[in-house]
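To start, the structure itself, in structure tokens.
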Amino acid sequence: MQCYQLDFPDGDWINPAYALQISFSYVLSDITTISGHTTMMLYFEHHFKKRTLIDRAHIVYDLQKNEPEARAALENFFTQYKKVKAIKHPPALIFLAYKKLESTMDKVLKDWVNGVCEVLEKNGFYAFSRNFKPGILNSYYLGNDVISGQDLTIDTVETFSNKLLVKGMDKIIWLMAEGFYSYLYFGEGAITSIDAIEEGKPYLVKSLKIPNINLLSCEELDILRETIAKLTSNFRAETDAWATQCYTAKSGGNYFKEKLMPLMATVQGAIDNDPLLQQWRNIDSVKNTSAIYFGEVSPLILWKYYKNNLILSEEIYNQLIKEYKGRESYTIPVMVFAYHLDALKLQTWQMENGLQNEWVGAVKKYAEI
């Protein structure tokens, strides 16, 4: 069983739902690969601290679109920076005052990035990030990352057009957040009943229920993965076969109904009866369960979702559509997570992009300097 998550900031800059998806995939799957926003966030601290002060200030400025006070404070710093740099030999008084300003801004930015790291850890991102193992849990940059400056690592067109067969893309199950299930991509919705599955129509069937495992440590995730693996080997093998059916046989609906869905009860039993998870069962934050839907969709649905969320450019999107028309059709296997919800609901509104800024107080305080 192989899973892939390509995510982006969708309302919350640090979204715990993404951490849950990755952690659960790590526990259940043979191979999990992540790219996009989460990958950038995991290496954010390392790359951020290597940049110059003015570069760090610009990065924070770009991330504070919903924080006018913070942006105003940073704009003031940019103004002072330009004024001082424009003076070839600034007087000692001005030079010393500016150095004090630089020192203060440096502390503010360090406080800010430390706050980012605290939020990441609180929301479960560091647990699985300490478990990166080549061939089991992988991370890649997709495109040119603004923080690291790294070049394109995974080709966007090849990733979305199912051409990376040598890398296992012909078995990849895409991990999707609940925002994927929207009228913008599914129209009136998808089939949600196992008995109503029809070839050529998207379906999303509620298959599993999982507790909040974002609180587990990396060691506990490893223990859980090892325990679950012993009980779900048949499930993982059949999931590979189902995913292959989706990519190569135009539809995996019948295989899902006959082979895969009957094994969901075994997986659910392994989760419900796991000794480690039972120890956490009385903690309120762990009691919050998430529903997981398995299904398959047209690549046209997937591509539109990523185009609307600015991962695919209009040019690449149109190229994918053109190529798709000239080849045999296929479907994309997906796992859609209803984070802390009992059931997916078709969204009839478009989520507004914004940043969650629990940690921006330090930048705001700069306005008082």
Side-chain angles (χ1 to χ4, degrees), residues 1-7 21-22 24-36 135-138 140 154 158-177 180-181 185-186 190-192 194 197-208 210 225 228-229 231-268 270 291-303 305-306 320 324 327-337 344:
M1 180 177 179
Q2 303 181 43
C3 296
Y4 177 59
Q5 177 164 305
L6 168 58
D7 52 39
Q21 293 172 194
I22 296 166
F24 183 68
S25 179
Y26 173 70
V27 167
L28 187 63
S29 307
D30 297 298
I31 302 172
T32 299
T33 301
I34 67 172
S35 60
I136 297 176
L137 182 56
N138 312 295
Y140 297 100
I154 299 178
E158 288 188 342
T159 299
F160 281 96
S161 61
N162 187 31
K163 289 181 179 179
L164 295 179
L165 301 184
V166 294
K167 294 185 179 181
M169 288 299 290
D170 57 336
K171 295 182 180 180
I172 286 289
I173 300 170
W174 289 65
L175 306 176
M176 311 300 292
F180 177 58
Y181 192 44
Y185 320 116
F186 287 85
I191 294 169
T192 56
I194 186 72
I197 291 177
E198 293 183 35
E199 185 175 344
K201 294 185 178 180
Y203 66 87
L204 297 172
V205 177
K206 186 177 180 180
S207 305
L208 298 172
I210 62 170
R225 172 184 167 84
I228 297 295
L231 302 172
T232 59
S233 57
N234 289 342
F235 170 80
R236 296 197 309 276
E238 291 295 354
T239 303
D240 263 353
W242 166 65
T244 302
Q245 287 275 316
C246 294
Y247 286 112
T248 60
K250 300 183 181 179
S251 174
N254 289 332
Y255 200 96
F256 180 82
K257 285 191 291 185
E258 297 170 6
K259 300 288 188 178
L260 191 58
M261 193 63 188
L263 297 175
M264 293 294 180
T266 301
V267 179
Q268 190 65 61
I292 301 178
Y293 287 68
F294 279 70
E296 57 183 301
V297 301
S298 164
L300 302 177
I301 292 175
L302 188 82
W303 297 340
Y305 171 72
Y306 281 109
L320 289 169
Y324 182 70
R327 62 184 295 184
E328 290 189 10
S329 62
Y330 62 94
T331 57
I332 303 289
V334 296
M335 288 171 62
V336 183
F337 289 70
L344 271 179

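Below, all heavy atoms of this structure are taken into account, side chains as well, without hydrogens, waters or symmetry copies.
- The distance from the CG atom of L6 to the CE atom of M176 is 8.0 Å, given to the nearest 0.5 Å.
- Residues satisfying the side chain to side chain donor-acceptor pair (under 3.5 Å) criterion with E258, sequence neighbours excluded, are absent altogether.
- Residues I173 and A243 share a closest heavy-atom pair of CG1-CB, 4.3 Å.
- Distance check, rounded to the nearest 0.5 Å: CD1 of I31 to NZ of K171 gives 9.0 Å.
- Partners of F235 under the ring pair (Phe, Tyr, Trp, His ring centres under 6.0 Å) rule, at least two apart in sequence or in another chain, do not exist in this structure.
- Between I136 atom CD1 and S29 atom OG the span is 11.5 Å, to the nearest 0.5 Å.
- Here D30 pairs with R236 under the salt bridge (charged side-chain N to carboxylate O under 4.0 Å, His left out) rule; sequence neighbours left out.
- Here the CD1-CE distance, from I197 to M261, works out to 8.5 Å after rounding to the nearest 0.5 Å.
- With sequence neighbours excluded, the residues forming a ring pair (Phe, Tyr, Trp, His ring centres under 6.0 Å) with Y306 are F160, W174, listed by chain and number.
- With sequence neighbours excluded, the residues forming a salt bridge (charged side-chain N to carboxylate O under 4.0 Å, His left out) with K201 are E198, listed by chain and number.
- Side-chain contact check for T192 versus L344: every heavy-atom pair is 4.5 Å or farther apart.
- Side-chain contact annotation: Y4 with S25, donor-acceptor N/O pair under 3.5 Å absent.
- Partners of E296 under the side chain to side chain donor-acceptor pair (under 3.5 Å) rule, at least two apart in sequence or in another chain, are Y203, T331.
- T248 is linked by a side-chain contact (heavy atoms from CB on, under 4.5 Å) to T244, counting only residues two or more places apart in sequence or in another chain.
- Scanning for ring pair (Phe, Tyr, Trp, His ring centres under 6.0 Å) contacts around F24 gives an empty result, with sequence neighbours left out.
- By the side-chain contact (heavy atoms from CB on, under 4.5 Å) test, A237 pairs with no residue at all, sequence neighbours left out.
- Remark: E238 engages A241, Y255, K259, L260, L263 in a side-chain contact (heavy atoms from CB on, under 4.5 Å) (not counting sequence neighbours).
- The two residues A270 and I228 have their closest heavy-atom pair at O-CD1, 3.6 Å.
- Residue Y305 forms a ring-ring contact (aromatic ring centres under 6.0 Å, His included) with just one option from Y181, F186, Y185, and that option is Y185.
- In terms of the side-chain contact (heavy atoms from CB on, under 4.5 Å) criterion, residue partners of L137 (sequence neighbours excluded) are, by chain and number, I22, Y26, T32, F128, N131, F132.
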Self-check item: side chain to side chain contact (heavy atoms under 4.5 Å, CB included) assessment of S298 paired with W303
Solution: CA-CA 9 Å; S298 164; W303 297 340; over 6 Å; no
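- Using bins of under 30°, 30° to 60° and over 60° for the plane-to-plane angle, the ring pair F294/W242 lands in the tilted bin.
- Between T266 and N234, the closest side-chain pair of non-hydrogen atoms is not below 4.5 Å.
- Between M1 and T232 there is no side-chain heavy-atom pair separated by less than 4.5 Å.
- Taking the side chain as every heavy atom from C-beta outward, I292 and S207 never approach each other to under 4.5 Å.
- The nearest pair of heavy atoms linking L302 to F180 is CA-CE1, 4.3 Å.
- In this structure, Y293 has no side chain to side chain donor-acceptor pair (under 3.5 Å) partners at least two apart in sequence or on a different chain.
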